[in-house]
Structures are given as C-alpha cells and as structure tokens.
Amino acid sequence: MIVGQIELRVCDTPNDDGSSITVEWNAGPGYRIFEILRSTEPDGDFEKVYEAGAGETIFIDSDVKLGKNYFYKIVGRNDSFVTNSQVAGPVRPEVQYFNLARLPVLVCIIVLFAIIILYITRAKSGEKLFVRKIPALKAIEEAIGRATEMGKPVLYVPGIMDIDDPQTIASMSILSRVAEKTAEYGTSLYVPTSKSMAMTMAQQIVKESATRVGRPDWYNPDNIRYITDDQFAYVSAVDGIMLRERPATNFYLGTFYAESLILAETGHSTGAIQIAGTAMPDQLPFFVAACDFTLLGEELYAASAYLSQEPVQLGSLKGQDLGKLLFISVIVIGVLSQIFNWHFFINLFNIE
Amino acid sequence: MRVFDYLSHLDRRIIFLLVALAVVIPMLVPLNLPVDITGPVKNVYDKIESLPEGSVVLISTDYDPGSEAELYPATEAIIEHCFRKNLRIYMMGLWPAGSELGNMALNKIAQSYNKKYGKDYINVGYRPGGQVMLLSLGRNFGDVIKVDYQGIPIDSLPLGGGVKSARDISLVITFSAGDPGILHWITYFHARYGVPICGATTAIMAPQMYPYLSSGQLTGLLGGLKGAAEYETLVDKKGRGLRGMDSQSIVHLLLVGFIALGNVILVYQRRRG
Amino acid sequence: MINTIGIWVAALLTLAIYSFLYKDNAFYKIAENIFVGVSAGYWAVVLWYDFAWPNLFEPLLTRGQWYNIFPIFIGVLMFAPLIPKISWMIRIPLTFTMGVAMAVSITQFVQGDIFPQLQATFLPLSGVSLFKGFSNLLIILGVVFTLIYFYFSKEHKGVLGIGAKIGIWFMMVSFGASFGYTIMARVSLFIGRIYFLLHHWLGVI
Amino acid sequence: MKTILPLIIVFCCGFYMLATFFIPARFSQTSSQTLQNWYLGVMAFFVFIGIFNLIKINVDKIQRKLRDWQYSIILLTFLGVMLGAGFIGGRDSKVFLYLFENFQVPLGATMFSLLAFFVASASFRAFRAKTPEATLLLIAAVIVMIGRIPIGYLIWHKFPDLVEWIMQVPNTAAKRGILFGIDLGLISMALRVLLGIERSYMGGER
C-alpha cells in the first residue's frame, strides 16, 4: 500500500472569540487514524490532543489559551505504517472583533434598513405615496359589517405561534383595526390563542382599541382566551367555537401549519365569510382553496401599514418595493455572472 | 337534470364517507395494484444485496408516532431484507420515541428469522446530542454508548463489543421525519467517516433529498408510504406499505373524480346561465 | 391490562373525534375537553422543565447567578394586568421578548433565507442541456414575475399588469401542485389511524 | 414612562442583539446567549398566565352554569391530573407519560388525520375552472395527484417525472418569489418595531 505524505496547515480560527485554533491536513489514502499532537515549544514535548478517523481533514482545537503560541504535528497510522508530518506553527489564538464572513449580511441589512428609512422620512415630510389596493383588505370591513347585520360574532385566530414570530406581530396589528371596527359596531369578537403571551398582547390591544373608539364597556376579557399550546388540541377547541358560537366572519391571520385546512374547512361548513393571511408558503394553497379572501405572503405584513394609512407606515411599504427591485437586479447580475464566470459576485452570497 | 342540482349541493358528509370507504375497504380486502419501482428505492435494495453476510447495518429510527404511518412500514420492510441477507443490525434513534417503534419491528421480524438479541441485533435506544453525538460516535462508539436500551452493558453483548467505530459499520439507514435526522447523518457521519447512507423519509421531505442523491452523499431513498410499498414489492413481502398504497391510489382517483364532477356541474350551471 | 385499557381509551377517543365529521356531539365535546385539559397541562410542565427552569431559575438558585433575578422579575410582570395601577408594566416583558426576537429574525432571515435563495437563483443558462436551460430560465422568470406581483407602489396595469398576471399564474400552478402533492401524506395519516383501529384495537388485520 | 420605557427596551435589546451577531468576541457571544436564554425562559414562564386564564374561564363557566358547563369539569380534571403528575411526580412520572401516550398522542394524530377528509371536500369545491387562474390551479393539482400514484406510471411512464418537474421548476420559482417578498415584509416589520414606528402591539397606542 502506498502511503503519502501528510501536509499540515494550522491557523487561528477566523472570526471567533479567540478560543480556538484550526488544524487542517491533507494526506494520501491508506491511513486508519491520525493523531494530532500539540506543544508550546517547536521542539518540546508534544502531547496528543485528538485522534481523528480516516475521513477527517480538519480539527478545531478549542482547548487553547488566548494569546499563547502553539505548535502542532500529525502522526498518521495504519496497521503497518506510521508517518510523521512536519511541525507547523507557531500559531496564536486571537480575538476578532468583527466577523468578516458576515460582512455581506451587514451590508444587506444596512441597505434594506436605509431604503426603508429613506422612504419613511420622505413620507414624514408630507410626500404623497400611492399604494395599490389589496382586495382581501377591503373585504375586512365588509365582513365585519356582515356579522353585525346577522347579529353574530366575529372570530379572530392570530396563528398558532407566539409573539416572537413577526407574523404574529403583523396579525396583532391587524387585530387592533378589527377590534376598533367590531367595538364600534358592538359586535362580539372572539380571539382564542394558542400561546399565553399572545393572549396577553391580544387582550391589551382589544382593550385599548375599544377605549379609543369610546366603547370601553364593550371589552370583555373572557372573549380573548388562552386554550392550549398544543397545535391540534387548540384546533379542536377552535373548531368547537365555530360550531357552537357560529361566527359569521372568521379571520385566520398569522403563522399556520397543517391546521390551516382543518380550520378553514370547518369554518366553511358553518357558512362563515373567511379571510385568511399567512406568510407560510406551504399553507397558502389550503387557504386559497378554502377561504373567500387570502392575504398572500408579504401582503400580511403590508396589511398593517395599509390599514393604518399613516404616511410613516406606507413609506416602509415603498421601501419594501425598492427592495424588490434591488433583488431583481441582483438576480439579473447573478445570472449574468453565471454566464460570464464572475465567480466573485456569486461567492459574495456564500455564508458560513 | 335534477341530478346536477342535487350534486351541486352535495352534502360534504357523503364525500367524507366515500373517502373513509376508499381507505378502509382496500385495507380489509387488498387489491394488490402493481407498484412501479423508482431508482432511489432500487439503490437501497441493491446496496443491501451487495453487502457480505455478517456486515453490520446501523439503523437509526429518527421519527415518532406522528410519522409512524409513513415510516414504520418501511422500517419493517428493510429489517426484513437485512435479516434475510444475514446482516447484523445495530439500532439506535435520534428521536426519543423512535426506539420503541424500532424495537417493535425488530423483535417481530427477528422471531421469524430466529435471530438472537445481542448476537444478530441490538438496540441501544435513544441517543440525544445531535451532531456532537454523531461526531464522537463515529470516532469511538464506546464514548457515546455504554449500555443498550435495557441498561445491559454494551461490551457484554457480542455485537455491541464488536462495533468500535464508524469503520465497523457498512451502511447507515435512517428513518427520518425531520431534525435531527437524515441531514445530520449525511453531514456528520457520511462526510466525516465516509459511511454510505440510505434513508427513508416522509413524503413531504423526500424532494428536499434529491440534491443529495444526485451528489452521491445519499446512496438510496425511500420516500413516504410509496417508498415502503416499492420496497415491499422488491423483497416480495406484502405489508402495510402495499396495502396503504392501494388505499392511496383509490383516494387519489376518488379526488380526481370529485374534481371532474365539480367541473361538470360548473359547465352545466353555466349553460343554464 | 393497563395497556389494553390504553388501547381502548385511544380507540374510543379516535372515534369520538371522527364523529365530529358527521356533526358536533357530546362525544366530540368530551374528547375535545380532555384533549385541551391534558395538553395544556402537558405543555405547562414541559415548558417549565425545559425552558423556564433551566433558563431562569436554575442559574439563580443552584449556580448563584444573581443577575438572573432580572428576567424572573420581567417574567413575574405577566401578572401586572391584575393590578390596574401597574397594568402598563405588562409591556416590559412584551417589548423585551420582541426586541430580542425581531433582531434574531432579521439576521436569521438575511443569512438563512435571502442569501442562499438568491444564490440558488443564479442558475446557468449556457453550458447545460437545452431542457435544463429552459427550466432554469423558467425558474428565474418565475421568481421575477412573482416578485412583480408583490409590487405595491403602482396599479397593476400595462406592462406591470402583465408581469403581475404571469406572477399569479406561477403561484397558482405552485398552489395546485403543492395541494396535490400533500394529499398522499394526509391520507397516510388517516391510514395510520385506521390501521390502529383495525389492527391494534379490533385485531381484524 | 408608560410608552417611553417599553420603546427604549425594544430599541436597546433589538439593536444590541443585532450587533452581537457580527461580533465574535466572547463578551458579545455570551451576553447574546444570555439574552436569548432569558427570552426563551420568560416566554415559557408566561404559560402560567395562560393556565391561570384557562382555569378561571372554566371555573367561571361551571359556577354560572353556562352552556356546556359540564364539559369544563372534564377539562379541569384532566388539567389538574396532568399538572399534579408533572409537577409532583416529575415529567417522567408514570401517570404523566401514560396520559400523554394514551390520550394526547392519539387525539393529536386523529385531529391531524381529519385533513384526509378536508382535502377531499376542499378540492371538490375549490378546484373548478371558473377563471384562467383557477384552471391552472386545477390542472396542476390533477396532474400531481395522478402522477404520484402507481396508476399514473401505468398510464404514462413519464408521469412521475412530470410531477417532479412541476415541483422543481414552477413551484420552486413561485415559492421563492413569495419568500423574497415575505423576507422584505418581515425585515421592514421588524425594523418598524425596533424603531418604535409600529406600536399597535402595545395596545394600539400611536
């Protein structure tokens, strides 16, 4: 069996907190194990720090002290051979204060933030901003009106995730408008939630909304309640509410998983008008099939800005639109890079 | 055409009843509809066929009762094949509830092939720790696994003591319903130790695995119940997979029928204005 | 014995849930209330043992990390609405959670979603088979037209209107296909329940 | 105070967390880890206000003998047993696991499996060729449904390949386009929250 040389490279692990050294090696086939040895002197006593298998080529040594010099060597073995590599070093672990590998992410965030803030300031300065109509949003008010005429309640399901999910926040923002309208009309509003914090937030929102339209007496905290954190148990209870309270209008806005269709089909069987919206692409087909109106993906986020009609909020929508144009341009440049082999551009998008 | 008027207001409970019958009847009276064999499934079969007798296959049950319907039939079919080829099975699981399901299949099939626990197969149960655990497992099984699922010291079992590192494993087969699962085996066990990986995943996950199949990081793949049915055809042992596939075919055809009916009604209603 | 009871309980609860497909009834209500009761208790216990205890209380009580009194205080404020005078303080835990969560989502989505998805769209149009090239072009155009649909700043008329329309077509194909693709997995779940009833409970197959 | 303090908290926590993402040094990583642990802990701890609410509403229902009040007794009994078993006996206690395995798991699986019926009723109703868009939806769905089952292969052996192509090409394209929109919406939403422009979550105060 031919056993090749072992080529050894060591360096301070890039973009870390100075707690490790990266050891990499290249060896021919035939080795069974590699022993990685370390010392603080080039000709001092080397001690074994790691034993690697045949397929491994990299080891991160995190048992090192900041700012101290280290030397490494590797012993490759199989049943009949032992090969020593050259000693590599010195290498010293150091702290990095900026993760260079994440620079493209920082640039992307700054650019997106900048364009959104730019449009927000332009909107603040009184510039008129046009935003096209979103059909599902127009339907919200009509649907509440319908429930009022029928003397039936409105059901609002804010998704099954907690308030750490941006979709839940978007939903809460829409809830505040829905609550205003229902309070104004004096229609009951049920908000069952699957998470305790979401319940707390929804209670605050509905209460304030009622106060704002001068109907604090309308607010009933018992209508905004926690059911259970469990996905399907929550759905079984919401289905029960639909069948027993017979709401005339159902809103499903927020994060949904497989339960989307269970809710929408049960709601349909009770004859309710249904307005759904989610940024979960996998669940959109089911809402589109079973509901009367659906906010697709980004429209859920746009909804709160749109409903408020506040210039600052609308400004951020404009910023998002510029972001889309930016994405399209990046895609075009990327496709051109593929054709003309501009690997530099494509590699910008490699993220550790 | 009163029929269409009736159908356009068809009570959904009739649809529900038909769906239920379409599933239950084929389960009671198997139809044995033929199943085509796809490439990735054949690859799993060929890989197991190619292993010499006595090789150790590591089976990882990375699912729970939620995906039992899709993955358990595949578990049985593959264990069947391994025992028939006189391979030895080393079972573990990355999901807490998986090892119980694996045990059920293992004990059932071991009996019919007269295989002995400890010698021909063992189950070391649930192993938490994801990637870190898999990395140290490949290097040295002894670091991670000290006892089997019953608490018996691993070294006292002939098969347990014989497996020291990834080198002693000829093939890993993971039954995976999510994370941790098949991706961990590919990225941490195949990439590091070069052990070939085969997998059975839920139908939803299967398309995401195609890139790994084409790159060779994954040797073969059973997707969902259909994969299990194909495998049962290959090993010629009719089980839940084939039965389930009969039900699947009937339900799918029923749905296509419903859609066609819905459109006929639509055309009829349009004609009448 | 205890196992047999377990199987009977599971089987009867399964049937109780299915009875809901016919119409709402007392059996469904029983199953529903058992389900909510058991699961709410289950999650309270799990959330406590897996998150609240190890992240808040354990470091303070067993490792003496005194500064962990802060998050516990923040958590206890969940009861603030019970006292009208300080009820506004409920905003402190809410805003704390959201501040951390929103920041984490931003970095996670830029790094884990936007970058890899953009890169995956830089598909080769030359040097591949004609069919592959066509498919790649279709993906690129599909992404662009779908994005155009989500353009809010202009009325969807003229060229923009055509682009948005094509975007909708792509989405409709995607929705239909995803719907059809999921059916198998959903039916598998039902097969699993039927197998449980027929095999484990009744023992007929 | 009632508005300013929460806004300061959201701003500081948010931008500090953003900064730590780019700073590998130890103080940054440990503090960001600590903040994340706290946030997970606080959110989990909140479950007790939910349980409190659940108990309150059901006790109230029983006391006032509202419609279906009898069922609330069942709910509270099971809740009590689970909480008792879990907090006194521990989460590995026999009763706790038994109730989980023989009640919660089959109930969850059965609720989930209702989807087999609902995909049928939804497709009967929704997949009608009313408009060109609806027609596309319908055709794509039918092709995929037939191509996924063995009979599809018997009808035309390229059927499964066609399904794969639809899933990998037009489906991927549309999903990705939707995702980019979602990412932008999310980032702008998160930024509005961090800057205190979006405040409706605080009870709608503007």
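Remember, it's a predicted structure, so these values are computed and weren't measured experimentally. All chains are named by letter (A, B, ...) in the order of the sequence lines, taking the proteins before the strands, and each is independently numbered beginning at 1.
Contact of C/Ile90 with chain D is made through the side chain alone, with heavy-atom distances under 4.5 Å. Interface residue D/Ile178: backbone and side-chain heavy atoms are both found under 4.5 Å from chain C. In this structure, the portion of C/Ile168 lying under 4.5 Å from any heavy atom of chain D is its side chain and not its backbone. Of the atoms belonging to C/Trp48, it is side-chain heavy atoms, and not backbone ones, that fall under 4.5 Å from chain D. For a residue to count as touching a neighbouring chain, one of its non-hydrogen atoms must lie under 4.5 Å from one of that chain's; by this rule D/Leu18 touches chain C with backbone and side chain alike. Proximity to chain D is absent for every atom of C/Ala16, based on heavy atoms less than 4.5 angstrom apart. In this structure, chain D has heavy atoms under 4.5 Å from both the backbone and the side chain of C/Ile34. Both the backbone and the side chain of C/Phe190 come within less than 4.5 Å of a heavy atom of chain D. Residue contact with chain D, scored on non-hydrogen atoms closer than 4.5 Å, involves the side chain of C/Val104 exclusively. For a residue to count as touching a neighbouring chain, one of its non-hydrogen atoms must lie under 4.5 Å from one of that chain's; by this rule C/Phe73 does not touch chain D. Both the backbone and the side chain of C/Thr121 come within contact range of chain D, judged by heavy atoms closer than 4.5 Å. If you measure heavy-atom distances from D/Leu40 to chain C, the contacts under 4.5 Å come from both the backbone and the side chain. Of the two parts of D/Leu107, the backbone and the side chain both hold a non-hydrogen atom closer than 4.5 Å to a non-hydrogen atom of chain C. In this structure, no portion of C/Val144 lies under 4.5 Å from any heavy atom of chain D. Neither the backbone nor the side chain of C/Leu77 comes within contact range of chain D, judged by heavy atoms closer than 4.5 Å. Only the side chain of D/Phe127 comes within contact range of chain C, with heavy atoms under 4.5 Å apart. In this structure, chain C has a heavy atom under 4.5 Å from the side chain of D/Ile51, while its backbone stays farther away. Both the backbone and the side chain of C/Tyr42 come within contact range of chain D, each with at least one heavy atom under 4.5 Å from a heavy atom of that chain. Contact of D/Ile166 with chain C is made through the side chain alone, with heavy-atom distances under 4.5 Å. Only the side chain of D/Phe96 comes within contact range of chain C, with heavy atoms under 4.5 Å apart. At a 4.5 Å heavy-atom cutoff, C/Phe152 makes no contact with chain D through either its backbone or its side chain. With a 4.5 angstrom heavy-atom cutoff, C/Ile2 touches chain D via backbone and side-chain atoms both. If you measure heavy-atom distances from D/Phe112 to chain C, the contacts under 4.5 Å come from both the backbone and the side chain.
Contact of the D/Asn171 side chain with the D/Trp165 side chain is not registered, since no non-hydrogen atoms from C-beta on lie closer than 4.5 Å. D/Phe21 has its side chain out of reach of D/Met17: every pair of non-hydrogen atoms, C-beta onward, lies at least 4.5 Å apart. Looking only at side-chain heavy atoms (C-beta outward), D/Tyr98 and D/Lys94 stay at 4.5 Å or farther from each other.
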Just list the side-chain donor-acceptor pairs under 3.5 Å for residues 133-144 of chain D, sequence neighbours left out, or say none.
unit_1, atom_1, unit_2, atom_2, d
D/Glu133, OE2, C/Lys165, NZ, 3.1
D/Thr135, OG1, D/Thr131, O, 2.6

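Distance alone, capped at 3.5 Å, places no donor-acceptor pair between the D/Asp60 side chain and the D/Lys56 backbone. Side-chain atoms of C/Ser105 come within 3.5 Å of backbone atoms of C/Ala101 as a donor-acceptor pair (strictly under, hydrogens ignored). With hydrogens and angles ignored, the 3.5 Å screen pairs a side-chain donor or acceptor of C/Thr95 with a backbone N or O of C/Ile92. For C/Tyr49 (side chain) and D/Gly86 (main-chain N/O), a donor-acceptor pair under 3.5 Å exists by modelled atom type. Between the D/Thr172 side chain and the D/Met167 main chain, a donor and an acceptor come within less than 3.5 Å of each other. Between the D/Gln29 side chain and the D/Thr20 main chain, a donor and an acceptor come within less than 3.5 Å of each other. In this structure, the side chain of D/Arg128 engages the main chain of D/Phe124 through a donor-acceptor pair within 3.5 Å.
Of the listed residues D/Leu115, D/Val169, D/Val47, the one with more heavy-atom pairs under 4.5 angstrom with chain C than any other is D/Val169. For chain D, the option among C/Ile74, C/Leu118, C/Ile5 with the highest count of heavy-atom pairs below 4.5 Å is C/Leu118. Between chain C and the options D/Met145, D/Met82, D/Arg148, D/Met111, heavy-atom pairs under 4.5 Å are most frequent for D/Arg148. When the candidates C/Ile191, C/Val45, C/Leu47 are compared by the number of heavy-atom contacts under 4.5 Å with chain D, C/Val45 comes out ahead. Note: D/Ala44 leads D/Gly181, D/Gly147, D/Ala44, D/Ser32 in heavy-atom pairs under 4.5 Å with chain C. Counting heavy-atom pairs closer than 4.5 Å to chain C, the top-ranked of the candidates D/Val81, D/Asn58, D/Leu79 is D/Leu79. The most heavy-atom pairs under 4.5 Å with chain D, out of C/Met89, C/Gln117, C/Met102, come from C/Gln117. For chain D, the option among C/Ile7, C/Asn3, C/Thr14 with the highest count of heavy-atom pairs below 4.5 Å is C/Thr14. The greatest number of non-hydrogen atom pairs below 4.5 Å with chain D, out of C/Phe150, C/Phe109, C/Phe20, C/Trp43, is found for C/Phe109. In terms of heavy-atom pairs under 4.5 Å with chain C, the best-connected choice from D/Ile8, D/Ile187, D/Leu114, D/Ile73 is D/Leu114. Among C/Gly41, C/Pro71, C/Ala103, the residue making the largest number of heavy-atom pairs under 4.5 Å with chain D is C/Pro71. When the candidates D/Pro132, D/Gly108, D/Ser72 are compared by the number of heavy-atom contacts under 4.5 Å with chain C, D/Gly108 comes out ahead.
With rounding to the nearest 0.5 Å, the separation of CD1 in C/Ile148 from CD1 in C/Ile162 is 10.5 Å. Here CG of C/Leu138 is found 13.0 Å from CD of D/Gln168. Values are rounded to the nearest 0.5 Å. D/Thr34 contributes atom OG1, which lies 10.0 Å from atom CG of C/Asn55 (distance to the nearest 0.5 angstrom). Annotation: the span from C/Glu32 atom CD to C/Ile17 atom CD1 amounts to 8.0 Å, rounded to 0.5 Å. With values rounded to the nearest 0.5 angstrom, C/Ile106 atom CD1 is found 5.0 Å from D/Leu194 atom CG. If you take CZ on D/Arg67 and NZ on D/Lys61, they are separated by 8.0 Å, rounding to the nearest 0.5 Å.
In this structure, C/Arg91 and D/Pro6 approach most closely via the heavy-atom pair CB-CG, 3.7 Å.
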Start with the C-alpha gap between C/Phe170 and C/Tyr149, add the side-chain angles, then the distance that decides, and say whether ring-ring contact (aromatic ring centres under 6.0 Å, His included) holds.
-> CA-CA 10 Å; C/Phe170 268 96; C/Tyr149 168 81; over 10 Å; no
D/Phe48/D/Phe52 under ring-ring contact (aromatic ring centres under 6.0 Å, His included): CA gap, chis, key distance, verdict = CA-CA 6 Å; D/Phe48 290 106; D/Phe52 177 78; over 10 Å; no
